[in-house]
Engineer: 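Starting off with a structure, shown below.
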Number of protein chains: 2
Amino acid sequence: MGKQLVSIVDVARRAGVSVASASRVLSNASYPVSEETRSKVLQAAQELHYAPNSLARSLRAQRSNLIAVLVGDNADPYFAEITRGVEEVANDCGYLTIVCNTERKGERELHYLQMLQDYRADGVVFAGSGLNEPGHTERLNTIVQTMRERGAAIVTLAQHTLQVPAIQVDNASGARAMTRYLLELGHRRIAFIGGPSNLIAANMRLQGYMAALIEAGLDVDHTLILAGSFDREGGEQAVRNLEQLPEPQRPSAIFAANDETAFGVLRGLNSLGWRVPEDISVCGFGDLPMAQVVVPSLTTVHIGLRDLGRSGMRKLLAQLQHDDTADTELLPVQVVPRATTQTYSPPITG
Amino acid sequence: MGKQLVSIVDVARRAGVSVASASRVLSNASYPVSEETRSKVLQAAQELHYAPNSLARSLRAQRSNLIAVLVGDNADPYFAEITRGVEEVANDCGYLTIVCNTERKGERELHYLQMLQDYRADGVVFAGSGLNEPGHTERLNTIVQTMRERGAAIVTLAQHTLQVPAIQVDNASGARAMTRYLLELGHRRIAFIGGPSNLIAANMRLQGYMAALIEAGLDVDHTLILAGSFDREGGEQAVRNLEQLPEPQRPSAIFAANDETAFGVLRGLNSLGWRVPEDISVCGFGDLPMAQVVVPSLTTVHIGLRDLGRSGMRKLLAQLQHDDTADTELLPVQVVPRATTQTYSPPITG
DNA sequence: TTGTATGCGTTATCAT
DNA sequence: ATGATAACGCATACAA
């Protein structure tokens with residue numbers, strides 16, 4: 001490979017001092033060093049373009065200053081925003097951020113965790129909610145426990161099977177509030193397009209939706225609950241399925257379990273020639289940046305995603321410094337009414 | 001901190017063999033080892049839940065298996081897509097991906113590079129184009145050279161002042177092609193909303209735009225060239241400025257230097273009550289996923305961003321394996337006509 | 001085929 | 001205040 005970089009030994013030699021002294025200067029140790037020694041070391045380091053070897057440092061210190069964020073897909077704006085928040089705080093505190101795309105596959109998640117354990121990552125942020133694959137929870141728990149015993153910090157930013165410090169998005173309340181909002185607009189037949197069945201967050205939102213209906217004294221119509229996949233394709237497919245429904249059974253509003261799905265719904269409705277919100281109301285969950293960009297702008301449930309990332313990283317740091325905060329916090333969310341929803345008006349039969 | 005993890009020494013002891021033998025088994029060395037020894041080591045490792053220390057390994061091997069992607073902002077879909085592609089290939093090849101948000105600040109870029117040097121990152125992907133800050137190029141060059149001398153691989157995915165292997169998005173041709181396309185539609189007054197002046201890519205697109213006009217024998221009207229910032233706000237602001245223009249000087253088409261800007265333009269026009277594409281045509285550059293989501297869907301220049309990331313990482317690997325490929329490749333782009341552009345029709349004066 | 005010993009670059013411990 | 005040295009965990013050169 002390339003030529004060796006200068007090491008602390010080279011610096012010490014050039015400065016005419018011991019390695020120990022050089023180290024004390026270069027690592028900003030609190031240990032007393034004479035001004036003369038200090039300046040000699042600093043100058044030698046500068047002249048040689050000394051770059052401390054963080055791998056060696058980490059090995060020695062049992063502390064890597066590496067943290068990781070586990071996401072389903074970093075190109076998904078939901079995770080991208082969280083990652084941004086995590087990275088922001090991490091960088092401020094001298095940590096490097098490793099991004100891991102699990103593609104929502106248990107196998108990949110475990111694979112990554114093992115690598116992170118190997119690299120002695122100081123912490124891991126689970127950005128997405130837990131996977132419901134058979135046997136996954138157990139295996140996940142095993143490695144997470146091992147990491148924690150080693151001193152690594154873990155935090156989840158969603159409902160999770162993991163028993164670790166968490167910041168939970170209040171999915172159930174958010175979905176309930178949104179459903180109530182639609183009910184107040186006069187809608188009675190409200191379709192719900194869910195997410196992957198192995199995603200806890202998706203289930204919580206479904207629960208919230210049903211709870212609101214029941215509270216309002218309405219029956220839950222299972223023909224109005226459709227499968228989705230948290231992506232646009234799922235939304236489009238669901239619309240095609242809704243179209244198959246006989247006229248009187250069709251919904252007057254569609255609640256998509258996340259914004260991406262809602263975008264797919266909007267696209268699907270558009271190609272069907274159904275106008276939003278005149279013919280049908282639509283809403284999502286998440287409030288991605290593009291929710292405000294689409295025309296009409298999307299009514300959705302706002303989650304402060306970047307802040308969620310920031311708080312998550314801070315919680316990680318707190319664990320690392322044994323400043324143990326409350327183990328699990330709930331992140332409140334709010335309904336943001338925009339232009340894709342409007343008061344229900346009965347179809348004109350003529 | 002937490003309790004010590006088991007090391008290779010523990011494994012060796014438990015297996016009743018030397019550390020060297022254990023290492024040979026656990027690192028999959030090509031060195032011959034008897035079947036008996038191998039299985040003893042493997043079993044001991046399993047029983048102890050041995051996790052190899054990658055920091056030690058990296059220190060020893062002078063090779064970290066860490067790579068980094070330098071982006072302006074990982075929450076920007078442009079960079080998010082690239083990062084995804086990089087991470088995909090990196091992970092396939094056993095590398096961990098560090099994400100660095102430079103916020104397009106030279107200072108942050110340098111700061112990150114120093115950290116990456118400290119961690120002995122095996123490679124760095126510069127996803128964005130070079131910054132034009134005074135003195136930045138020189139300082140950047142210095143540290144990049146040091147990294148390369150060390151054996152690290154570098155690749156840029158955009159026009160860059162750095163003299164390193166690169167995959168360049170053909171910004172000039174793309175912008176020229178798009179401008180020609182608008183000209184063919186009959187537009188003559190085409191506004192151009194640029195990007196940050198210190199971004200080479202933005203300048204290349206402006207060059208392409210002007211080249212097409214000149215080729216068509218048209219004058220470049222500088223009142224139609226507006227400043228932008230590669231974000232939605234810039235697009236909205238530019239629209240407000242265009243509105244100030246007296247009627248006859250207004251453009252019939254707006255070419256935004258990137259998609260984000262175009263989204264801002266669409267939003268700005270919408271709030272002004274100008275219809276797209278009936279009253280005015282709009283197009284962007286980049287073809288982000290959401291270009292197909294907005295209504296009407298955005299005419300833009302397609303860049304295969306995820307592929308760009310993948311190719312970039314492959315180019316990095318090629319360098320690492322001294323399979324030196326062509327130093328700089330050009331990534332072709334294509335105009336994708338969608339619904340925000342249409343044939344120019346002169347305003348009806350009545 | 002196996003084992004011993006050394007070095008990768010740092011920092012902390014212990015003397016001085 | 002300074003210096004010599006062990007140890008972090010691993011992989012290799014060399015010896016057996």
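Please read all numbers here as calculations on a predicted model, not as lab measurements. Both backbone and side-chain heavy atoms feed into the values below; hydrogens, waters and symmetry mates do not. Residue numbering restarts at 1 for every chain, and letters A, B, ... go by the order of the sequence lines.
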Engineer: By the 4.0 Å heavy-atom rule, please label B:Thr37 as base, sugar-phosphate, or nothing.
Structural biologist: sugar-phosphate

Engineer: Choosing from C:dT2, C:dG9, D:dG3, which nucleotide comes nearest the side chain of A:Ser21?
Structural biologist: D:dG3

Engineer: Classify the side chain of A:Arg60 and the base of D:dG9 as holding, or not holding, a donor-acceptor pair under 3.5 Å.
Structural biologist: no

Engineer: D:dA11, OP1 or OP2 - any side-chain N/O from B:Arg57 closer than 4.0 Å?
Structural biologist: yes

Engineer: Whole angstroms only, please: what is the CZ-P distance between A:Arg63 and C:dA12?
Structural biologist: 12 Å

Engineer: Has B:Ser58 got a side-chain atom pairing as donor or acceptor with B:Ser54's backbone, closer than 3.5 angstrom?
Structural biologist: yes

Engineer: Is it true that A:Glu107 and A:Lys105 have a side-chain N and a carboxylate O under 4.0 angstrom from each other?
Structural biologist: no

Engineer: According to a strict under-4.0 Å criterion, is B:Tyr31 in side-chain N/O contact with OP1 or OP2 of C:dG3?
Structural biologist: no

Engineer: Looking at A:Arg84 and A:Glu81, is any side-chain nitrogen of the basic one under 4.0 Å from a carboxylate oxygen of the acidic one?
Structural biologist: no

Engineer: When we call it a touch if two heavy atoms are under 4.0 Å apart, what does A:Ala51 touch: a base, just sugar-phosphate, or nothing?
Structural biologist: sugar-phosphate

Engineer: Using a heavy-atom cut-off of 4.0 Å across all strands, would you classify A:Ser23 as base, sugar-phosphate, or nothing?
Structural biologist: base

Engineer: Side chains of A:Met313 and A:Val69, heavy atoms from C-beta outward: is any pair under 4.5 Å?
Structural biologist: no

Engineer: Given atom CG of B:Asp118 and atom P of C:dG9, what is their separation to the nearest angstrom?
Structural biologist: 14 Å

Engineer: Closest-nucleotide mapping onto DNA chain D: is B:Ala56 or B:Ala29 further toward the 5' terminus? I mean the 5' end.
Structural biologist: B:Ala56

Engineer: Round to a whole Å and report the spacing from CD1 of A:Ile8 to C1' of C:dG7.
Structural biologist: 16 Å

Engineer: On DNA chain C, does the nearest nucleotide to A:Leu59 precede the nearest nucleotide to B:Val17 from the 5' side, or the other way round? Give the residue.
Structural biologist: B:Val17

Engineer: Find the distance A:Asp10:CG to C:dT10:P and express it as a whole number of Å.
Structural biologist: 9 Å

Engineer: To the nearest Å, give me how far apart CG (A:Leu26) and C1' (C:dT10) are.
Structural biologist: 11 Å

Engineer: Is any side-chain nitrogen or oxygen of A:Ser18 closer than 4.0 Å to OP1 or OP2 of D:dG3?
Structural biologist: yes

Engineer: Calculate the interatomic distance between A:Leu55 atom CG and C:dT11 atom P; express it in whole Å.
Structural biologist: 13 Å

Engineer: Considering every strand and a 4.0 Å limit on heavy-atom distances, what is the contact class for B:Val33: base, sugar-phosphate, or nothing?
Structural biologist: sugar-phosphate

Engineer: Looking at residues at least two apart in the chain, or sitting in another chain, which of them share a ring pair (Phe, Tyr, Trp, His ring centres under 6.0 Å) with B:Tyr95?
Structural biologist: none

Engineer: Closest approach to the side chain of B:Arg24, judged atom by atom: which nucleotide of C:dT1, D:dT12, D:dT2 is it?
Structural biologist: D:dT12

Engineer: Which sits closer to the 5' end of DNA chain C, A:Asn53 or B:Ala20, going by the nucleotide each is nearest to?
Structural biologist: B:Ala20

Engineer: Reckon A:Ser34 has a side-chain N or O less than 4.0 Å from the OP1 or OP2 of D:dA1?
Structural biologist: no

Engineer: Take the protein atom CZ of A:Arg120 and the nucleotide atom C1' of D:dG9, then report the distance between them rounded to whole Å.
Structural biologist: 9 Å

Engineer: Is any side-chain N of the basic residue among B:Glu329 and B:Lys315 closer than 4.0 Å to the acidic one's carboxylate O?
Structural biologist: yes

Engineer: Tell me the interatomic distance from A:Tyr119, atom OH, to D:dG9, atom P, rounded to whole angstroms.
Structural biologist: 17 Å

